[in-house]
Amino acid sequence: MNLHAIGAIYRYEMARFFRTILQSFLSPVISTSLYFVVFGTAIGSRIESVEGVSYGAFIVPGLIMLAVIQQALNNAAFAIYFPRFTGTFYEVLTAPVNFLEVVAGYVGAAATKALFIGVVILGTSTLFVDISIAHPLAMVAFLLLTGISFSLFGFIIGIWAKSFEQLQLIPMLIVMPLIFLGGSFYSLSMLPEIWQKITLFNPVVYLISGFRWSFFGTADVPVGLSLLAICGFTALALGVIGWIFRTGWRLRS
Amino acid sequence: MAPILQIKDLRKTYDGGFEALKGVTLDIEEGEILALLGPNGAGKTTLISTLCGITLPTGGSASVGGHDILKDYRAAREMIGLVPQEIALEPFEKVINTVRLTRGLFGKRRDDALVEKILRQLSLWDKRDTPTKALSGGMKRRVLIAKALVHEPRVLFLDEPTAGVDVALRKGMWDTVEELKASGVTIILTTHYLEEAEAMADRIGVIQKGELLLVEEKAALMKRLGRKKLTVQLRSPLSEVPAALSGFELELAEDGHALVYTYDSQAERTGITRLLAALADAGVGLADLSTHQSSLEEIFVDLVGEDAA
């Protein structure tokens with residue numbers, strides 16, 4: 001196990017994050033505040049409560065998930081795409097490292113950044129609404145698993161992408177709609193019956209549902225199923241990355 | 001002692017069917033400098049990329065310090081440093097951080113004293129906190145060398161280290177290579193300049209179209225390649241080489257309008273003065289003189305011809 005390599009990649013990636021720490025901190029604070037003003041105040045004033053929780057508080061887990069998923073995806077995809085773009089990735093290919101070590105470094109850093117943003121949003125939320133967390137440990141676990149699994153997914157996108165446009169394609173066209181349609185801002189019970197069934201094919205539903213359960217103790221789908229879904233997604237992403245490194249797809253000619 | 005680098009019948013066929021390496025076999029001894037000479041597209045970079053792990057071989061095998069590059073890739077790669085042909089650096093990162101990253105990647109504990117030593121050796125210490133995008137081309141290349149050396153490799157690959165580098169820097173690069181050699185590092189460099197191979201290498205390998213045509217001690221090869229031709233344009237054509245000039249390696253050319261003298265430009269005495277005196281004595285009138293050294297391409301043609309014969 002080349003622990004020095006994992007540490008070196010992790011520190012290098014985090015250094016990039018700390019160079020722009022103010023942006024990293026300010027942008028989620030501002031966007032979360034905007035969401036609260038628009039969704040929480042303007043719309044929330046017309047919705048009394050969802051499943052016994054005020055609408056403002058109800059959307060907090062969804063907001064955090066939205067940011068964590070996007071940050072994890074973008075950070076990991078960029079982290080691996082940029083060295084491929086500048087050509088510096090050759091040194092990872094020539095280094096005595098296996099794919100798990102490379103992934104641990106890059107994905108670890110991307111997930112850390114995503115978690116940081118998640119915590120900042122949670123903190124910002126407390127300025128607008130009262131929040132109590134029913135299952136804090138489960139909340140941290142869901143946050144961690146989401147950060148890791150979507151960083152893995154982002155890592156795959158970063159290897160797949162051949163241009164900066166492609167880098168944005170999947171997060172914008174597929175993941176973003178899935179998050180918005182995954183119950184970030186509403187409960188599935190608010191949908192017509194047919195859509196309640198269809199929406200179960202959206203994997204993000206399970207993440208948000210589980211995460212919301214850790215806050216309020218209520219969920220759209222059983223929490224065990226949520227856990228299973230996210231673990232399955234993580235395993236699938238890891239499997240794909242393992243295959244990429246074994247065959248050298250888009251990495252080694 | 002076993003060679004530090006053993007390459008056996010190494011082959012690489014790219015997905016499109018292009019055969020970049022057609023079975024290269026080569027042993028490199030510890031501490032020597034080998035120059036791989038060849039035109040663009042000969043397979044030099046593919047050979048290096050395959051040994052370093054950037055490209056996967058499609059046949060044959062290679063080992064570094066006895067470690068197979070595929071089965072025992074960790075031990076093999078720990079011993080290798082690579083300076084790539086293209087300058088590739090993350091533009092916003094400081095010099096010292098990118099050098100430290102490489103050391104970590106190769107599984108070595110952080111060593112600030114060593115990093116300082118290497119950066120000073122390459123005249124980069126003053127630039128350690130500069131983002132790499134602000135460096136000149138020559139400095140960037142030296143950063144790549146620093147990165148390649150910081151994990152203390154025993155084999156260093158330099159892929160066209162002086163491509164696009166001005167004359168002064170080229171000389172500086174040659175000195176750096178000398179110093180590295182003195183510290184016991186084995187160096188394999190590629191170039192398409194005969195002059196560069198001559199200046200640095202102990203042995204020279206000639207590679208063309210994915211095949212290693214020959215590997216020879218530099219002195220022997222330079223002797224073979226160092227021949228020049230002196231063409232003497234005659235005032236009046238000759239039907240044969242005059243008997244008085246039979247002691248020289250002369251040929252008649254251009255229907256007797258020219259005499260071609262082949263000589264060794266590296267030799268202490270080229271024989272040109274004697275030849276000109278002998279021509280005057282023999283009463284042969286000269287119209288013009290020109291000399292010509294075989295270009296690398298012509299040398300390749302010669303070599304391929306010899307191998308085919």
*Neighbour count >12 (heavy atoms, 6.0 Å) for atom CZ, A/F180*: yes

*Looking only at atom types and distance, does a side-chain atom of A/S184 sit under 3.5 Å from a main-chain N or O of A/L63, one as donor and one as acceptor?*
no

*Around A/M172, counting heavy atoms of other residues, nucleotides and ligands shown, do more than 12 lie under 6.0 Å from its CE?*
no

*Tell me, do B/P3 and B/E29 make a side-chain contact under 4.5 Å, heavy atoms counted?*
yes

*Which members of residues 105-117 of chain B, sorted by number, sit under 4.5 angstrom from chain A on a heavy-atom basis?*
B/L105, B/F106, B/G107, B/K108, B/R109

*Selection from B/R100, B/E93, B/K147 maximising heavy-atom pairs under 4.5 Å formed with chain A*: B/E93

*Are side-chain heavy atoms of A/F82 and B/F92 found at a separation under 4.5 Å?*
yes

_Can you confirm whether B/K181 is buried at NZ, in the sense that more than 12 heavy atoms of other residues, nucleotides or ligands lie under 6.0 Å from that atom?_
yes

*Trace of the side-chain hydrogen bond (donor to acceptor under 3.5 Å, both in side chains) decision for B/T102 with A/E91*: CA-CA 7 Å; B/T102 311; A/E91 62 176 337; 2.7 Å; yes

*For A/I170 and A/F153, what are the C-alpha separation, side-chain angles and deciding distance, and is it a side chain to side chain contact (heavy atoms under 4.5 Å, CB included)?*
CA-CA 10 Å; A/I170 293 180; A/F153 187 29; 4.0 Å; yes

*By a 4.5 Å heavy-atom criterion (distance strictly below it), what part of B/E90 contacts chain A: side chain, backbone, both, or neither?*
both

*For B/T98, is it the side chain, the backbone, both or neither that has a heavy atom under 4.5 Å from a heavy atom of chain A?*
both

*Check whether the ring centres of A/F116 and A/F17 lie less than 6.0 Å apart, and answer yes or no.*
yes

*Do the ring centers of A/F150 and A/F233 come within less than 6.0 Å of each other?*
yes

*asked:* Using a 4.5 angstrom heavy-atom cutoff, name the option from B/L144, B/L56, B/L101 with the most pairs to chain A.
replied: B/L101

*Could you look at A/F85 and say if it's the side chain, the backbone, both or neither that has a heavy atom under 4.5 Å from chain B?*
neither

*asked:* For residues 10-20 of chain B, give me every residue with a non-hydrogen atom less than 4.5 Å from any non-hydrogen atom of chain A.
replied: B/K12, B/Y14

*Contacting moiety of A/R11, where chain B heavy atoms sit under 4.5 Å*: neither

_Using heavy-atom distances under 4.5 Å, tell me whether B/I54 contacts chain A through its side chain, its backbone, both, or neither._
both

*asked:* I need the residue from A/A15, A/A95, A/G87 with the largest number of non-hydrogen atom pairs under 4.5 Å to chain B.
replied: A/A95

*Neighbour count >12 (heavy atoms, 6.0 Å) for atom CG, A/L34*: yes

*Distance-only, no hydrogens or angles: does the A/S226 side chain make a donor-acceptor pair with backbone N or O of A/Y206 under 3.5 Å?*
yes

*Just wondering, are more than 12 heavy atoms of other shown residues or ligands nearer than 6.0 Å to NZ in B/K94?*
no

